[in-house]
Amino acid sequence: MTSEDKQLTLDRRYLRMASIWAENSYCVRRKVGAILVKDKMIISDGFNGTPSGFENVCEENDTTKPYVLHAEANAITKVARSNNSSDGATLYITASPCLECAKLIIQSGIKRVVYNELYRISDGIDLLRRAGVEVDQVSI
(Lines give C-alpha, C1' and ligand atoms only; values in the text may rest on other atoms or scores of the structure.)
Protein backbone atom coordinates (compact mmCIF):
# COMPACT_ATOMS: atom_id res chain seq x y z
CA MET A 1 0.00 0.00 0.00
CA THR A 2 1.43 3.37 -1.03
CA SER A 3 1.59 6.37 1.29
CA GLU A 4 -1.14 8.03 -0.84
CA ASP A 5 -3.39 4.98 -0.32
CA LYS A 6 -2.72 5.07 3.43
CA GLN A 7 -3.56 8.79 3.55
CA LEU A 8 -6.80 8.23 1.63
CA THR A 9 -7.75 5.43 4.04
CA LEU A 10 -7.13 7.76 7.00
CA ASP A 11 -9.01 10.60 5.32
CA ARG A 12 -12.06 8.38 4.82
CA ARG A 13 -11.92 7.16 8.43
CA TYR A 14 -11.77 10.67 9.86
CA LEU A 15 -14.57 11.82 7.55
CA ARG A 16 -16.75 8.92 8.72
CA MET A 17 -16.02 9.99 12.30
CA ALA A 18 -17.02 13.56 11.44
CA SER A 19 -20.20 12.19 9.89
CA ILE A 20 -21.04 10.29 13.06
CA TRP A 21 -20.23 13.40 15.13
CA ALA A 22 -22.69 15.39 12.97
CA GLU A 23 -25.47 13.24 14.43
CA ASN A 24 -25.07 15.24 17.67
CA SER A 25 -26.45 18.34 15.95
CA TYR A 26 -29.97 19.47 16.83
CA CYS A 27 -30.26 21.27 13.49
CA VAL A 28 -33.02 19.93 11.27
CA ARG A 29 -32.12 21.31 7.84
CA ARG A 30 -28.49 20.19 7.80
CA LYS A 31 -26.27 18.31 10.24
CA VAL A 32 -22.53 18.97 9.86
CA GLY A 33 -19.65 17.46 11.80
CA ALA A 34 -15.96 18.37 12.05
CA ILE A 35 -12.89 16.61 13.44
CA LEU A 36 -9.56 18.42 13.90
CA VAL A 37 -6.52 16.13 13.63
CA LYS A 38 -2.85 16.82 14.32
CA ASP A 39 -0.07 14.22 14.31
CA LYS A 40 -2.72 11.48 13.82
CA MET A 41 -4.48 12.53 17.03
CA ILE A 42 -7.94 14.08 17.27
CA ILE A 43 -7.42 17.38 19.08
CA SER A 44 -10.93 18.79 18.70
CA ASP A 45 -14.36 18.14 17.28
CA GLY A 46 -17.50 20.08 16.57
CA PHE A 47 -20.95 20.01 15.06
CA ASN A 48 -23.28 22.79 14.01
CA GLY A 49 -25.57 24.16 16.69
CA THR A 50 -26.37 26.99 19.03
CA PRO A 51 -23.82 28.47 21.47
CA SER A 52 -23.43 26.93 24.94
CA GLY A 53 -26.31 27.81 27.22
CA PHE A 54 -28.77 28.50 24.38
CA GLU A 55 -31.78 26.34 23.60
CA ASN A 56 -30.96 23.52 21.17
CA VAL A 57 -33.16 24.87 18.38
CA CYS A 58 -31.30 25.88 15.21
CA GLU A 59 -34.18 26.95 12.97
CA GLU A 60 -37.22 29.14 13.23
CA ASN A 61 -39.83 29.22 10.44
CA ASP A 62 -37.54 27.03 8.30
CA THR A 63 -34.73 29.61 8.58
CA THR A 64 -31.47 29.00 10.42
CA LYS A 65 -31.07 31.34 13.40
CA PRO A 66 -28.25 33.86 12.83
CA TYR A 67 -26.31 32.82 15.93
CA VAL A 68 -25.99 29.12 15.01
CA LEU A 69 -22.32 28.12 14.90
CA HIS A 70 -20.94 25.98 12.10
CA ALA A 71 -19.21 22.70 12.92
CA GLU A 72 -15.74 23.95 11.98
CA ALA A 73 -16.17 27.12 14.05
CA ASN A 74 -17.14 24.97 17.04
CA ALA A 75 -14.09 22.73 16.57
CA ILE A 76 -11.74 25.72 16.22
CA THR A 77 -13.10 27.58 19.24
CA LYS A 78 -13.04 24.37 21.28
CA VAL A 79 -9.34 23.81 20.55
CA ALA A 80 -8.68 27.46 21.43
CA ARG A 81 -9.96 26.74 24.95
CA SER A 82 -7.66 23.72 25.32
CA ASN A 83 -3.90 23.31 25.62
CA ASN A 84 -3.68 22.14 21.99
CA SER A 85 -2.73 24.18 18.95
CA SER A 86 -4.44 23.90 15.57
CA ASP A 87 -1.29 25.14 13.81
CA GLY A 88 -0.47 22.64 11.06
CA ALA A 89 -3.57 20.51 11.70
CA THR A 90 -6.01 18.92 9.25
CA LEU A 91 -9.72 19.68 9.50
CA TYR A 92 -12.18 17.00 8.38
CA ILE A 93 -15.68 18.33 7.65
CA THR A 94 -18.76 16.64 6.28
CA ALA A 95 -19.55 19.71 4.10
CA SER A 96 -17.17 22.22 2.52
CA PRO A 97 -16.64 25.40 4.57
CA CYS A 98 -18.37 28.72 4.00
CA LEU A 99 -16.43 31.96 3.54
CA GLU A 100 -16.64 32.95 7.23
CA CYS A 101 -15.37 29.56 8.42
CA ALA A 102 -12.61 29.64 5.80
CA LYS A 103 -11.33 32.85 7.42
CA LEU A 104 -11.24 31.12 10.82
CA ILE A 105 -9.46 28.12 9.30
CA ILE A 106 -6.78 30.32 7.75
CA GLN A 107 -6.24 32.35 10.92
CA SER A 108 -6.03 29.23 13.11
CA GLY A 109 -3.10 27.83 11.11
CA ILE A 110 -4.92 24.77 9.76
CA LYS A 111 -2.94 23.59 6.74
CA ARG A 112 -5.32 21.06 5.18
CA VAL A 113 -9.09 20.73 4.85
CA VAL A 114 -10.77 17.50 3.79
CA TYR A 115 -14.51 17.52 3.13
CA ASN A 116 -17.09 15.11 1.79
CA GLU A 117 -20.03 17.09 0.42
CA LEU A 118 -19.68 20.26 -1.63
CA TYR A 119 -21.68 23.15 -0.16
CA ARG A 120 -23.74 25.09 -2.71
CA ILE A 121 -21.32 28.05 -2.62
CA SER A 122 -17.60 27.47 -3.19
CA ASP A 123 -16.20 30.85 -2.06
CA GLY A 124 -14.85 29.29 1.17
CA ILE A 125 -12.84 26.73 -0.78
CA ASP A 126 -11.61 29.41 -3.17
CA LEU A 127 -10.35 31.55 -0.27
CA LEU A 128 -8.62 28.58 1.40
CA ARG A 129 -6.78 27.71 -1.81
CA ARG A 130 -5.80 31.35 -2.29
CA ALA A 131 -4.28 31.27 1.21
CA GLY A 132 -2.29 28.13 0.43
CA VAL A 133 -4.43 25.73 2.46
CA GLU A 134 -4.59 22.28 0.87
CA VAL A 135 -8.22 21.37 0.13
CA ASP A 136 -9.38 17.88 -0.84
CA GLN A 137 -12.83 16.44 -1.49
CA VAL A 138 -13.02 12.78 -0.47
CA SER A 139 -16.06 10.53 -0.76
CA ILE A 140 -16.84 8.15 2.06
**Q.** Smallest separation among heavy atoms of Thr94 and Lys31, with atom names
**A.** OG1-O, 4.1 Å
Q: Measure the CG-OG distance between Asp136 and Ser96 for me, rounded to the nearest 0.5 Å.
A: 13.0 Å
(Q) How close do Ile43 and Ala89 get, counting heavy atoms only, and between which atoms? (A) CD1-CB, 4.4 Å
Q) Under 3.5 Å, is there a donor-acceptor pair between the side chain of Ser44 and the main chain of Ile76? A) no
**Q.** Rounded distance (nearest 0.5 Å) linking atom OG1 of Thr63 with atom CZ of Arg29
**A.** 6.5 Å
Q. Would you say Asn84's side chain and Val79's backbone share a donor-acceptor pair under 3.5 angstrom?
A. no
Q) Where the side chain of Lys78 meets the backbone of Gly46, is there a donor-acceptor pair that is under 3.5 Å apart? A) no
Q. Quick one: does Met17's side chain get under 4.5 Å of Val37's, heavy atoms only?
A. no
Exercise answer: donor-acceptor pairs, residues 113-133 side-chain atoms, under 3.5 Å, sequence neighbours excluded:
{"from": "Glu117", "atom 1": "OE2", "to": "Arg30", "atom 2": "NH1", "distance (Å)": "3.1"}
{"from": "Arg129", "atom 1": "NH2", "to": "Val135", "atom 2": "O", "distance (Å)": "3.4"}

(Q) For a 4.5 angstrom cut-off between non-hydrogen side-chain atoms, does Arg12 reach Tyr92? (A) no
Q: Compare every heavy atom of Leu104 with every heavy atom of Ala73, then report the nearest pair and how far apart it is.
A: CB-CD1, 3.8 Å
Q.
Donor-acceptor pair, distance only, cut-off 3.5 Å: does the side chain of Ser25 make one with the backbone of Asn48?
A. yes
Q) Is there a donor-acceptor contact under 3.5 Å from the side chain of Thr2 to the main chain of Asp5? A) yes
Q) Would Val32 and His70 count as a side chain to side chain contact (heavy atoms under 4.5 Å, CB included) if you check the C-alpha gap in whole Å, the side-chain angles of each, and the deciding distance to 0.1 Å? A) CA-CA 8 Å; Val32 180; His70 290 185; over 6 Å; no
(Q) For the CD1 atom of Ile105 and the CD1 atom of Ile110, what is their distance to the nearest 0.5 Å? (A) 5.5 Å
Q: Working to the nearest 0.5 Å, report the span between OG1 of Thr9 and CD of Glu4.
A: 11.5 Å
Q | Side chain to side chain, Val57 and Thr50, heavy atoms closer than 4.5 Å | A | no
Q. From Leu15 CG over to Ile140 CD1, what is the distance, rounded to the nearest 0.5 angstrom?
A. 5.5 Å
**Q.** Whether Tyr67 and Phe54 hold their rings parallel, tilted or perpendicular, with breakpoints at 30° and 60°
**A.** tilted
Q: Of all the heavy-atom pairs spanning Ser86 and Leu36, show the shortest one and how long it is.
A: CB-CD2, 3.8 Å
Q) Which pair of non-hydrogen atoms, one from Glu55 and one from Lys65, has the smallest distance, and what is that distance? A) OE2-NZ, 2.9 Å
Q. Just wondering, are more than 12 heavy atoms of other shown residues or ligands nearer than 6.0 Å to CD in Gln7?
A. yes
Q: Taking Glu59 for its side chain and Val28 for its backbone only, find out whether a donor-acceptor pair lies under 3.5 Å.
A: yes
Q. How close do Pro97 and Ile93 get, heavy atom to heavy atom, and via which atoms?
A. CD-CD1, 4.1 Å
(Q) Under 4.5 Å between side-chain heavy atoms, counting indirect links through other Ile/Leu/Val/Met/Phe/Trp/Tyr residues: same cluster for Ile42 and Val138 or not? (A) yes
(Q) So, taking the atom named CD in Glu72 and the one named CG in Asp45, what distance separates them when rounded to the nearest 0.5 Å? (A) 13.0 Å
